[in-house]
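First the structure, in the form of structure tokens, and then the observations on it.
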Protein chains: 2
Amino acid sequence: MNDVAARAQVSLKTVSRVVNGDAGVVEGTRRRVLDAISQLGFRRNDSARQLRIGRAAEIGLLVEDVGDPFYSTVTRAVERVAAANDCLLFTGSCDDDPERERKLALALCARRVDGLLIVPASADHAYLASELDSGLPVVFIDRPPVNLDTDAVLADNVGGARSAVAHLIAAGHRRIGFVGDDPDIYTARRRLLGFRQEMAAHGLDVDEAWIAVGEPGAGRLRRHAERLRDKLEQLLDGPAAVTALFTGNNRITTQVLRELALRDADAGAVLPRPALVGFDDFEFADLVTPGVTVVAQDPAALGRTAAALLFERLAGLTEPARQVVLPTRLVVRGSGELPPPA
Amino acid sequence: MNDVAARAQVSLKTVSRVVNGDAGVVEGTRRRVLDAISQLGFRRNDSARQLRIGRAAEIGLLVEDVGDPFYSTVTRAVERVAAANDCLLFTGSCDDDPERERKLALALCARRVDGLLIVPASADHAYLASELDSGLPVVFIDRPPVNLDTDAVLADNVGGARSAVAHLIAAGHRRIGFVGDDPDIYTARRRLLGFRQEMAAHGLDVDEAWIAVGEPGAGRLRRHAERLRDKLEQLLDGPAAVTALFTGNNRITTQVLRELALRDADAGAVLPRPALVGFDDFEFADLVTPGVTVVAQDPAALGRTAAALLFERLAGLTEPARQVVLPTRLVVRGSGELPPPA
DNA sequence: ATGAAAGCGCTAACAC
DNA sequence: GTGTTAGCGCTTTCAT
């Protein structure tokens, strides 16, 4: 900006005025400055600007894994809201590693982003308290904060799970298996709770052998997949066999579908399928046979709502931490309506 | 930092030394500073730091749409490389809108990011020339730069398309339809070229009625989907009917599969399927019936390679702009091996 | 081992 | 209309 000022023979401040479109610069001067700018290929340094004005026009988003369609949809929705507010977006994946969440979140704080959206991996968010105190708005997505008083936008995990189980029971099932993620994860825990609640509400006892949950830690999904074959074998052919399955998220539903297909391939025939309802909708749910009945959340709404709330806070909203719960929707496609074997 | 210095009764510079772990601070002083830091909840302002040292430790990534599994996989791969280099990552989706690409790219430049990775939407990248001149490393992904001399990491679109068509011809097909995206898009154009080349190499004339390409502009995919039904009807039942289809990317393959399923539903029966090979692999390709034979690219490798190249440039690599072409791989699953009707 | 002064590139406040 | 000065929060250079 100094160079531009020198070349245009004006003061630095005048250049600043022109660059920012401030009024009070006569047309002739303006032209000279503009010429100098284009001759020098000058472009305002926005980080310097932000340092001065104290607003970054950047927010950060931390998810479990942008590569997962669920989170990439969340990300896309957040992006749109950010763009509408002329904000750039930092993104990062934590892989359910608390240390990585912490590191990324603090790095974003050190960058002085204007706000943070977090799908948390850790079980303690006290480390963000001082940032919150100094005015950083933070909105949690999909899972609530622990030891931290701030906004969260969640799905109705318990209600969704209950509707899935109720649907299977209505189709005549009494022995229903639950294949879910590590219950250390909030959503997985809540869905398992919903499963148990709905079974109990119908007076049905749950045999613990019907419940297959993942192990904790990053990389657990891969390990889960490796052990799924045996689990499914127990669930479908073992002494405590079930007639229906409720799968706890999109990835697990996919894994189960793949295993069922492999069983068919091994048998050289299409084996009778257990009824299946999955938590989370996915793009091909209607294109496999039978179509997969799911409890759909709206990941775009999750991201959109959280980002909108963040910008409300940024605009000065000061009410106490809000917890928004988004409804789920049962989408009937065939797999959940299969009756139990006679 | 000033506040910390005051509280610890040392100079600002000593605080800086402690914060950065510089040698030359006696243990007692260090303790005092550390205490002051934790009492005040101080955290170094990295944007101010970056302004001073001239390195942002941030890079930017622009894709067409993070919500698309192809690009979200690219994004995830870039993220990993960025994290390995202690860099934060800005992401943005351009929706194939040149204006949006330009705006986002320039906003990132104004933030003085250390480098840029771009899946371009525009057809002219001269606007980045001055940034390049002032030393900003830029690597294009998936589509090459136009009017700009910089690195690019691409897939072998022509070769991949040719392998798909060759595969269909080997299965006995002579009349093959091409359903692709807007040929204004580099990848779509190259894949159509590969289609034509391979047909020609086998001495097969291409009836232009066999070629269905999308319209230009953002939102074209939705419009494409709406018109796909009629196009497919012409392609499969019209006077110039084909016996096989080559679909130009993951989204179009999905749309075609959905339309074929709808035709079955309308007919109340499983109609005979045309053979089908799709460009791009996707998660459910093996779970639909029949399994979808695809020409698989490796989106993770695309992102990883591009990011690695960017960091090589950042580390000082000065050789001329490099163009890396990644191979594709034909994955046989059933749909591409269906023979033509007798 | 510690500190003072200058400056990264910009904007705010107040001249003139 | 335009310019001057100070300072955002940090690092660099050079003293002490």
Side-chain angles (χ1 to χ4, degrees), chain A residues 1-37 40-58 106-114 130-131 134-136, chain B residues 1-37 40-58 106-114 130-131 134-136:
Chain A
M1 210 171 239
N2 242 321
D3 301 351
V4 176
R7 186 176 254 270
Q9 317 240 53
V10 296
S11 81
L12 199 161
K13 177 63 198 172
T14 300
V15 178
S16 171
R17 287 204 177 92
V18 172
V19 168
N20 293 301
D22 290 0
V25 180
V26 87
E27 185 53 27
T29 320
R30 215 179 75 90
R31 267 259 63 86
R32 282 217 315 289
V33 172
L34 254 22
D35 286 352
I37 285 179
L40 267 52
F42 167 83
R43 201 149 286 149
R44 182 179 64 195
N45 183 331
D46 275 357
S47 359
R49 170 167 216 261
Q50 289 152 199
L51 174 60
R52 187 59 243 241
I53 65 178
R55 185 181 177 260
E58 305 163 348
L106 291 180
L108 291 168
C109 291
R111 247 73 168 196
R112 298 297 190 268
V113 294
D114 295 325
S130 66
E131 309 292 339
S134 50
L136 180 79
Chain B
M1 209 171 241
N2 241 323
D3 301 350
V4 176
R7 185 175 254 269
Q9 317 240 51
V10 295
S11 81
L12 200 161
K13 176 62 200 171
T14 300
V15 178
S16 171
R17 286 203 177 92
V18 172
V19 168
N20 294 300
D22 290 1
V25 179
V26 87
E27 185 53 29
T29 319
R30 215 179 76 90
R31 267 258 65 85
R32 282 218 314 288
V33 172
L34 255 21
D35 285 351
I37 285 179
L40 267 54
F42 167 82
R43 203 151 284 152
R44 182 179 64 194
N45 182 331
D46 276 356
S47 2
R49 170 166 217 261
Q50 288 153 199
L51 174 61
R52 189 57 240 243
I53 66 177
R55 184 180 178 263
E58 305 164 348
L106 291 181
L108 291 168
C109 291
R111 246 73 170 195
R112 298 295 189 268
V113 293
D114 295 326
S130 67
E131 309 292 340
S134 50
L136 181 78

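To find a chain, count down the sequence lines: A is the first, B the second, and so on, and within it residues start at 1. All values below were derived from every heavy atom in this structure, side-chain atoms included, with hydrogens, water molecules and symmetry-related copies excluded.
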- Item | Residue among B:V25, B:V10, B:T14 satisfying side chain to side chain contact (heavy atoms under 4.5 Å, CB included) with B:R30 |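 Single side chain to side chain contact (heavy atoms under 4.5 Å, CB included) partner of B:R30 among B:V25, B:V10, B:T14: B:V25.
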Using a 4.0 Å heavy-atom cut-off across all strands, classify B:L51 as base, sugar-phosphate, or nothing.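 The residue B:L51 makes base contact.
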In whole angstrom, what separates [X]'s [atom1] from [N]'s [atom2]?
| X | N | atom1 | atom2 | value |
| --- | --- | --- | --- | --- |
| B:R44 | D:dC8 | CZ | P | 19 Å |
| B:D3 | D:dG7 | CG | P | 15 Å |
| B:R112 | C:dG9 | CZ | P | 8 Å |
| A:Q50 | D:dG7 | CD | C1' | 17 Å |
| B:R32 | C:dG3 | CZ | C1' | 14 Å |
| B:N45 | D:dT11 | CG | C1' | 13 Å |
| B:R55 | D:dT11 | CZ | C1' | 15 Å |
| B:R31 | C:dA1 | CZ | C1' | 18 Å |

Would you check if the side chain of [X] reaches a backbone N or O of [Y] as a donor-acceptor pair within less than 3.5 Å?
| X | Y | result |
| --- | --- | --- |
| B:S16 | B:L12 | no |
| A:R32 | A:A8 | yes |
| B:D114 | B:A56 | yes |

- Query: Side-chain donor or acceptor of A:R52 under 3.5 Å from a matching atom on the base of D:dG7?
  - Reply: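 Answer yes: a donor N or O sits under 3.5 Å from an acceptor.
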Q | Salt bridge flag under 4.0 Å for residues B:R31 and B:D35 | A |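 Salt bridge flag = yes for B:D35 with B:R31.
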- Message: Among residues 10-29 of chain B, which ones have heavy-atom contacts with DNA chain D below 4.0 Å?
- Response: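 Going residue by residue through residues 10-29 of chain B, the ones with a heavy atom under 4.0 Å of DNA chain D turn out to be B:L12, B:K13, B:S16, B:N20.
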TODO: Mind running side-chain hydrogen bond (donor to acceptor under 3.5 Å, both in side chains) on A:R111 and B:N45 for me, showing each step along the way?
DONE: CA-CA 6 Å; A:R111 247 73 168 196; B:N45 182 331; over 6 Å; no
